[in-house]
Amino acid sequence: MREWVVKRRERTRQLVELGGLVVKAELVELTDDDRAVLFGLLVDAAAKLRGDEREQHLRLWRRRGRRAFDP
């Protein structure tokens with residue numbers, strides 16, 4: 001299989017998985033599928049990750065994410 005096809009499939013899979021996380025977190029439903037709100041949430045999170053408290057945010061979000069995955 002051509003390299004560009006493999007890369008495209010990997011990228012598609014990544015995007016589908018990330019979209020699944022957005023749905024699993026119920027963000028689509030909670031925002032009435034408002035793409036501007038969803039993007040704003042992600043931009044806000046990215047700003048926090050660029051800040052001085054990056055590691056604290058990562059620890060907190062990682063802990064919350066793991067708990068959400070475990071029923």
Side-chain angles (χ1 to χ4, degrees):
M1 193 173 303
R2 295 188 176 183
E3 185 178 340
W4 67 271
V5 173
V6 172
K7 287 184 179 184
R8 186 183 73 201
R9 285 186 180 171
E10 289 172 356
R11 173 99 171 118
T12 300
R13 180 183 174 113
Q14 179 187 34
L15 293 173
V16 169
E17 289 173 350
L18 292 172
L21 292 174
V22 171
V23 172
K24 186 173 179 75
E26 298 179 358
L27 291 174
V28 175
E29 187 176 310
L30 292 169
T31 63
D32 294 323
D33 199 12
D34 187 327
R35 309 292 167 94
V37 172
L38 289 168
F39 190 59
L41 287 165
L42 296 171
V43 168
D44 189 46
K48 289 182 180 188
L49 290 173
R50 289 186 195 97
D52 294 335
E53 297 180 356
R54 171 188 166 82
E55 293 304 317
Q56 292 89 333
H57 287 298
L58 285 173
R59 278 195 301 273
L60 174 67
W61 293 335
R62 187 175 293 115
R63 188 170 55 244
R64 287 181 180 168
R66 286 181 179 154
R67 284 184 192 153
F69 275 125
D70 294 331

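- Surrounding CD of Glu3 are at most 12 heavy atoms belonging to other residues, nucleotides or ligands under 6.0 Å away.
- For Asp33, the side chain to side chain donor-acceptor pair (under 3.5 Å) partners at least two apart in sequence or on another chain are Arg35.
- The CZ atom of Arg9 lies 9.5 Å from the CH2 atom of Trp4; values are rounded to the nearest 0.5 Å.
- Rounding to the nearest 0.5 angstrom, the gap separating the CG atom in Asp32 from the CG atom in Leu27 is 12.0 Å.
- The cluster map of Ile, Leu, Val, Met, Phe, Trp and Tyr, joined by side-chain heavy atoms under 4.5 Å apart, puts Leu42 and Leu38 in different clusters.
- For the atom pair Gln56 CD and Lys48 NZ, the distance stands at 12.0 Å (nearest 0.5 Å).
- In terms of heavy-atom proximity, Val28 sits nearest to Val22 at CG2-CG1, 3.8 Å.
- A 6.0 Å sphere centred on CG of Asp52 holds no more than 12 heavy atoms belonging to other residues, nucleotides or ligands.
- In this structure, CD on Glu17 lies 11.0 Å from OG1 on Thr12, to the nearest 0.5 angstrom.
- You'll find the side chain of Arg11 stays beyond 4.5 Å of the side chain of Lys7, heavy atoms only.
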- Message: Quick one, Arg67 with Arg63, criterion side-chain contact (heavy atoms from CB on, under 4.5 Å). Give me CA distance, side-chain angles, the key distance, then yes/no.
- Response: CA-CA 6 Å; Arg67 284 184 192 153; Arg63 188 170 55 244; 3.4 Å; yes
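- Counting heavy atoms from C-beta outward, Leu21 and Leu18 have side chains that approach closer than 4.5 Å.
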